[in-house]
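Okay, so here's the structure we're looking at.
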Amino acid sequence: MDVSMSFSQDMDNEYEKLIRRMNPPRVVIDNDSCKKATVIRVDSANEYGILLEVVQILTDLNLTITKAYISSDGGWFMDVFNVTDQDGNKVTDEVVLDYIQKSLGPEACFSTSMRSVGVIPSTDSTVIELTGCDRPGLLSELSAVLTHLKCSVLNAEVWTHNTRAAAVMQVTDDSTGCGISDPERLSRIKNLLRNVLKGSNTPREAKTVVSHGEVHTDRRLHQMMFEDRDYEHRLVDDDSSIQDERQRPDVCVDNWLDKDYSVVTVRCKDRPKLLFDTVCTLTDMQYVVFHGSVDTEGTEAYQEYYVRHIDGSPVKSEAEKQRVIQCLEAAIKRRVSEGLKLELCTTDRVGLLSNVTRIFRENSLTVTRAEVKTKGGKALNTFYVSDASGYSIDAKTIDSIRQTIGQTILKVKNNPQEQQQRQKSPSHESPTRFLFGGLFKSKSFVNFGLVRSYS
């Protein structure tokens, strides 16, 4: 049975390779047709998950997708993306443009190693995935355990949402600077970290996974929190539930019965990587995007997707509809930067993360999101912190922390009061006024001519 299934999968893979050889992907990068953005057109044979791959590559290059037009009905995938760099300018860096061509064009057909710059190569390190109940001081406790176990954190990303926390950490042995392979030591690391994650009074399971393969951090964090069901609504004892409701994205799901599509619309405050987060979630929930449109105007973002489940059916029930809405809301809110942003830049050393997060904890600050990087012997860390009691962070507290760590080492990047302000999304239009309503009346995607008129 296993042999026949393996043979069938091999045949499917060979067939996909044959199709791609006959129809190699084509990438056109246009810096002339749009005044404000670089237009990237991608044409290729259609396959499940290809939209996520393309969006992932563009996002990992820190490009901002301001508009997108998606069409993958039938056997062909045709997408257009209007992108800018982090400063809002056209992409003119030849190295970046060449990378896009190689990653999305014919050269990428059979080379998965070029698929994404956001993948952590872990040949010389060990990747630890953690999921558990969030609480003040959790990151401090986890990093203290790793320091005690003679583990150095090279890279890490931590997300918290809806009382749950997830982290992907890339660690090495202090003495050798290499990955940890001893089974007994790995088992001890897993058990001690799991004990920290369990906490004292949570009924939910804590998970610790150790691997040595390649990991795309953002993708894994979404998958881990989805598996942990962080999208389920939970009762909270304080005013955070009221604040959370104000920040709630406007997500709607309606069935277009004439075409057997479910139409998913998202309206929310725009931010980096928003498109990746929604497409990643739809893909992980096994929905296929056949058509779509993405637009940003000012601080607001609007996304519209025409989807079917991988089995070919639209959303079948009210329960399924609510689950899609909850999962997309969670995907959007996981990366929302709550709290005060602090950036740390200094020479890396053993125990640095443990020391810094301990100082945060001792000053009643909790880390809501963190990104830890090590490059060329330098630690480049970003923390989003809030007061553990729910109050506004006292400026004197931050001054005291900066004096302890170092004024030039730790810098404040935003104002907590400004960070708490949230603008309301524009009023939701009738669900029948779909942006792509006239698309199916035409015979083609107008050869993407709408990009010029819409830009």
Side-chain angles (χ1 to χ4, degrees), residues 130 132-148 153 155-167 169 196-197 199-202 236-244 246-247 269 271 333-374 378-423:
L130 309 169
C133 184
D134 185 32
R135 65 177 185 274
L138 178 61
L139 180 57
S140 172
E141 295 177 37
L142 292 171
S143 53
V145 168
L146 288 171
T147 300
H148 175 71
V153 180
N155 300 289
E157 191 145 353
V158 182
W159 290 0
T160 63
H161 174 248
N162 205 12
T163 76
R164 306 299 293 173
M169 295 182 164
V196 173
L197 286 165
S200 56
N201 58 355
T202 174
V236 220
D237 296 332
D238 52 28
D239 293 335
S240 61
S241 57
I242 300 174
Q243 181 72 9
D244 187 64
R246 291 174 186 163
Q247 301 170 11
K269 185 175 181 179
R271 60 163 174 76
K333 291 190 287 187
R334 284 170 197 151
R335 211 196 291 264
V336 171
S337 305
E338 299 289 350
L340 181 69
K341 181 179 180 181
L342 302 176
E343 288 188 353
L344 180 143
C345 179
T346 187
T347 302
D348 190 36
R349 62 180 184 275
V350 175
L352 175 64
L353 181 62
S354 175
N355 290 336
V356 170
T357 53
R358 173 183 55 78
I359 293 170
F360 290 163
R361 176 170 53 85
E362 290 173 349
N363 284 273
S364 299
L365 297 185
T366 182
V367 178
T368 59
R369 191 159 71 88
E371 184 176 348
V372 176
K373 292 182 179 180
T374 306
K378 286 281 188 182
L380 308 169
N381 302 344
T382 301
F383 303 97
Y384 291 87
V385 299
S386 60
D387 186 88
S389 304
Y391 298 106
S392 298
I393 299 177
D394 192 335
K396 294 180 180 178
T397 300
I398 297 299
D399 289 341
S400 174
I401 292 174
R402 292 189 66 205
Q403 287 177 8
T404 304
I405 296 175
Q407 296 278 357
T408 59
I409 293 175
L410 186 68
K411 296 184 178 180
V412 180
K413 302 303 291 186
N414 63 10
N415 183 293
Q417 280 73 31
E418 293 176 356
Q419 187 69 23
Q420 291 171 0
Q421 291 177 355
R422 293 289 184 266
Q423 296 181 357

Taking side chain as C-beta onward, heavy atoms only, is [X] less than 4.5 Å from [Y]?
X      : Y      : value
Asp134 : Arg164 : no
Asn162 : Lys333 : no
Arg369 : Val158 : no
Asp387 : Thr397 : no
Lys341 : Phe383 : no

Check: Can you check whether Lys396's main-chain N or O pairs, donor with acceptor, with Asp394's side chain at less than 3.5 Å?
Finding: yes
Item checked: Main-chain N/O of Ala388 paired to Thr366 side chain as donor or acceptor, under 3.5 Å -> no
Next item on the list: Give the C-alpha distance, both sets of side-chain angles, the deciding distance and a yes or no for side chain to side chain contact (heavy atoms under 4.5 Å, CB included) between Leu342 and Val385.
Entry: CA-CA 8 Å; Leu342 302 176; Val385 299; 3.8 Å; yes
What distance do [X] atom [atom1] and [Y] atom [atom2] have between them, rounded to the nearest 0.5 Å?
X      : Y      : atom1 : atom2 : value
Leu344 : Lys378 : CG    : NZ    : 10.0 Å
Lys413 : Tyr384 : NZ    : OH    : 10.5 Å
Ile393 : Ile398 : CD1   : CD1   : 5.0 Å
Leu380 : Thr346 : CG    : OG1   : 10.0 Å
Glu343 : Thr382 : CD    : OG1   : 4.5 Å
Leu340 : Leu365 : CG    : CG    : 8.0 Å

Next item on the list: Just jot down the side-chain hydrogen bond (donor to acceptor under 3.5 Å, both in side chains) partners of Gln403, sequence neighbours excluded, or say none.
Entry: none
Next item on the list: Please identify each residue that fulfils side-chain hydrogen bond (donor to acceptor under 3.5 Å, both in side chains) with Arg271, with sequence neighbours left out.
Entry: Asp277
Would you tabulate the side-chain donor-acceptor contacts of residues 355-362 under 3.5 Å, counting partners in other chains and residues two or more places apart, or write 'none'?
from: Asn355; atom 1: ND2; to: Gly351; atom 2: O; distance (Å): 3.3
from: Thr357; atom 1: OG1; to: Ser143; atom 2: OG; distance (Å): 3.1
from: Thr357; atom 1: OG1; to: Leu353; atom 2: O; distance (Å): 2.7
from: Thr357; atom 1: OG1; to: Ser354; atom 2: O; distance (Å): 3.3
from: Arg358; atom 1: NH1; to: Glu362; atom 2: OE1; distance (Å): 3.3
from: Arg358; atom 1: NH1; to: Glu362; atom 2: OE2; distance (Å): 3.1
from: Arg361; atom 1: NE; to: Ser140; atom 2: OG; distance (Å): 3.0

Item checked: Residues Leu130, Leu142; criterion side chain to side chain contact (heavy atoms under 4.5 Å, CB included); working and verdict -> CA-CA 10 Å; Leu130 309 169; Leu142 292 171; 4.0 Å; yes
Compare every heavy atom of [Y] with every heavy atom of [X], then report the nearest pair and how far apart it is.
X      : Y      : answer
Leu410 : Arg402 : O-NE, 2.7 Å
Ala379 : Leu352 : CB-CD2, 3.5 Å
Gln407 : Asp399 : NE2-O, 4.2 Å
Ala370 : Leu139 : CB-CD2, 4.0 Å

Check: After noting the C-alpha distance and the side-chain angles of Glu141 and Arg135, does the key distance pass the side chain to side chain contact (heavy atoms under 4.5 Å, CB included) rule?
Finding: CA-CA 10 Å; Glu141 295 177 37; Arg135 65 177 185 274; 2.7 Å; yes
